[in-house]
Amino acid sequence: MSALLEIRGLRKEFPLGRGLFSRRVGPASMRTVLDGVDLDVGRGECVALVGESGSGKTTLARCALHLLVPTAGSVRFAGEELSALGAAELRRRRRRFQMVFQDPQASLDPRVTVGRTVAEPLAVHTDLPRREREREAAGLLERVGLSAALAGRYPHELSGGQRQRVGIARALATRPDLLVADEPTSALDVSVRAQILNLLASLRESLGLALLLVAHDLTAVAHSADRVAVLHAGRIVEESPAAELFARPRHPYTAALLAAVPNRGGVR
Amino acid sequence: MLPAAAPLPASPLLEIADLRVSFPGSRRPGGRPIEAVRGVSFAIGRGEIVGLVGESGSGKSLTALSILGLAPRNARVSGRIRLGPEGEDLLTLGPRRLRRVRGGRVGMIFQEPASALNPVFTVGFQVAEAVRAHRPLSRRAALDEAESLLARVALPEPRRRLGDYPHQLSGGQRQRVMIAMALAAGPDLLLADEPTTALDVTVQAQILALLCRLRDELGLAVLLITHDFGVVAETCDRAVVMYGGEVVEEAPAGALFRAPAHPYTRALLASLPRLEAASGPGRFRPPLPAIPGQPPDPAALPPGCAFEPRCAEAFAPCPAERPELYEIGAFPGDRRSRCFLNRPPGGEG
């Protein structure tokens with residue numbers, strides 16, 4: 001059986017030197033951010049993408065959802081090549097793969113209530129009547145551990161952890177098969193992060209969700225991932241089952257990353 | 001790596017006593033002032049690295065900013081902050097004398113080295129300027145001094161770097177430049193506010209190693225403000241844990257991680273995922289023991305213990321009474337915990 005998400009030979013280049021003050025002489029030179037990436041995410045699987053800033057992990061996550069159009073290579077979702085789809089078709093497929101962002105403060109519209117935020121994907125992707133959408137949204141809020149009574153609140157009235165739960169509820173609204181979560185806990189308070197990691201794990205278990213987790217926090221990855229891909233300078237330098245990668249890193253870069261994780265002394 | 005616990009030196013380098021920082025509340029009638037720091041006391045010895053750990057709203061950054069008189073203008077700051085045995089209370093110094101302390105005996109580095117450096121001046125100019133602000137040197141001599149400061153913080157090719165602009169450096173190199181500037185006047189104490197939060201883990205490890213080396217070579221004391229307990233374990237001699245504007249626990253770092261005394265510290269350390277989790281059995285690992293709820297809003301603190309609403313170990317006195325910071329160590333100043341569970345026998349009322 002083929003994987004849910006299949007990425008093959010993915011390249012992404014961005015033009016360089018088009019800044020405000022740069023002179024435009026000759027053809028724009030290109031910067032290669034992803035240089036031939038292969039990656040699979042199976043149904044219900046959690047694959048973590050780790051790497052330092054500039055490694056290309058966020059670009060890869062965005063290309064996987066066709067939020068960015070790859071320069072070359074193939075992204076297949078459930079066997080279907082995404083770049084072959086027209087805009088309307090792609091939009092229809094989008095309900096099956098959704099994104100959770102790093103900073104819930106920035107990714108929620110401050111002028112829209114929580115209930116409407118969560119119900120909005122349903123307005124886009126379904127023809128449910130308004131009343132139904134509201135009922136569905138209330139159910140989604142409860143599913144992510146929030147009281148349905150919060151539906152009338154605005155994002156600024158919530159805590160960071162609550163806002164991230166809203167972001168997750170919105171992503172779940174269309175009953176996706178795959179969530180792509182870009183650093184879902186790194187903007188949260190330390191004492192709230194475990195709640196969100198637990199929530200993502202329980203959603204995977206109860207909904208059979210696949211998760212592509214982009215993270216620089218290797219302890220969170222160790223706790224959550226089935227498989228880990230290490231990205232360095234636009235290439236995957238190592239990909240292994242999590243247990244193996246953390247016990248016996250094979251690539252020196254992976255070993256360096258693991259060695260740099262601050263050691264918690266006696267508790268470790 | 002962590003030195004054995006020793007009694008605090010008789011005269012600490014920096015002593016903070018009953019520091020309080022509050023902000024005017026809303027203008028509406030009945031709007032009470034917001035207390036962001038509620039009676040913080042701790043000390044730092046010479047050559048000691050102390051971690052001030054807490055989450056957002058815990059008051060850790062305000063505590064550090066108050067040391068240098070950098071709290072926001074509308075803040076009301078009270079208490080005592082004494083630098084050195086014969087030192088005056090920093091909170092009573094006028095602006096001019098405070099400016100001499102700032103960057104003089106006390107250096108400071110921040111989270112974002114990119115925004116703390118001026119993009120239109122060279123690194124050499126900025127470090128030399130920091131040197132000349134506190135020492136009467138010629139431009140040429142200050143530039144030479146800048147070069148040796150850059151060498152001290154292990155910036156590669158310091159001579160060539162003098163002519164670089166901040167954007168030509170990486171994040172880690174910029175933080176090294178900031179540290180060089182903070183060292184320019186030969187301070188006794190460095191305040192480091194989340195100095196590695198914006199950096200990648202491998203670079204973070206290098207910067208933390210640099211701070212430890214500077215402590216060893218120069219006898220520099222460091223107050224390291226962080227939200228990351230891993231950073232504390234790696235770097236600090238002692239840790240001061242803040243929650244809801246108060247110190248809730250203070251201990252030698254090794255002891256804190258071996259046997260945290262306060263329920264907040266205990267629960268937080270237990271909730272952190274571990275690298276070893278990956279080798280655990282089964283597809284779905286057991287859930288992390290998460291702490292429910294979120295850190296308190298300084299404008300709406302509970303009347304009793306600040307952690308009580310989230311605490312699994314709360315009992316009768318916790319919701320109504322505020323616990324004191326009880327001495328629980330082998331000798332005074334060794335360990336403290338602000339929890340009724342740690343109240344000494346006979347310490348009631």
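Only a predicted model underlies this, so the values are computations on that prediction, with no experimental measurement involved. Within every chain, numbering begins at 1; the chains are lettered A, B, ... in the order of the sequence lines, protein sequences first and strands thereafter. Any value given below was found using the heavy atoms of this structure, including those in side chains, with hydrogens, waters and symmetry copies removed.
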Original post:
Top residue by heavy-atom pair count (under 4.5 Å) with chain A, among Ser271(B), Pro292(B), Ser56(B)?
Top reply: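 Max contact count across the listed options: Ser56(B).
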Original post:
If you count heavy-atom pairs under 4.5 Å between each of Gln204(B), Gln206(B), Arg310(B) and chain A, which one has the most?
Top reply: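 Looking at each of Gln204(B), Gln206(B), Arg310(B) in turn, Arg310(B) comes out on top.
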Subject >> N-O pairing of Lys57(A) and Glu52(A) below 4.0 Å >> reply: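 Here Lys57(A) does not pair with Glu52(A) in a salt bridge, since their nearest N and O are not under 4.0 Å apart.
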**OP:** Look at Glu45(A) together with Arg227(A) and state whether they make a salt bridge at an N to O cut-off of under 4.0 Å.
**Re:**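 Yes, charged N to carboxylate O under 4.0 Å.
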**OP:** Flag yes if more than 12 heavy atoms outside Gln105(A) fall under 6.0 Å of its CD atom; otherwise flag no.
**Re:**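 No - once you tally the heavy atoms of other residues, nucleotides and ligands closer than 6.0 Å, there are 12 at most.
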Original post:
Aromatic rings His251(A) and Tyr253(A): how do their planes relate, parallel, tilted or perpendicular, breaks at 30° and 60°?
Top reply: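 It falls in the perpendicular class, over 60°.
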**OP:** Determine the interplanar angle of the Tyr264(B) and His262(B) rings, folded into 0 to 90°, and report it as parallel if under 30°, tilted if 30 to 60°, perpendicular if over 60°.
**Re:**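 Ring orientation of Tyr264(B) relative to His262(B): perpendicular.
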Subject >> Heavy-atom proximity to chain A below 4.5 Å, by part of Ala205(B) >> reply: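 Just the side chain, heavy atoms under 4.5 Å.
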**OP:** Against chain A, label Leu268(B) side chain, backbone, both or neither, depending on which of its atoms sit under 4.5 Å from a heavy atom there.
**Re:**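 Interface part for Leu268(B): side chain.
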**OP:** State whether the side chain of Arg204(A) and the backbone N or O of Gly44(A) hold a donor-acceptor pair below 3.5 Å, judged by distance alone.
**Re:**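 Yes; at least one donor-acceptor contact below 3.5 Å.
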Against chain B, label [X] side chain, backbone, both or neither, depending on which of its atoms sit under 4.5 Å from a heavy atom there.
| X | answer |
| --- | --- |
| Asp189(A) | both |
| Ala201(A) | backbone |
| Leu218(A) | both |

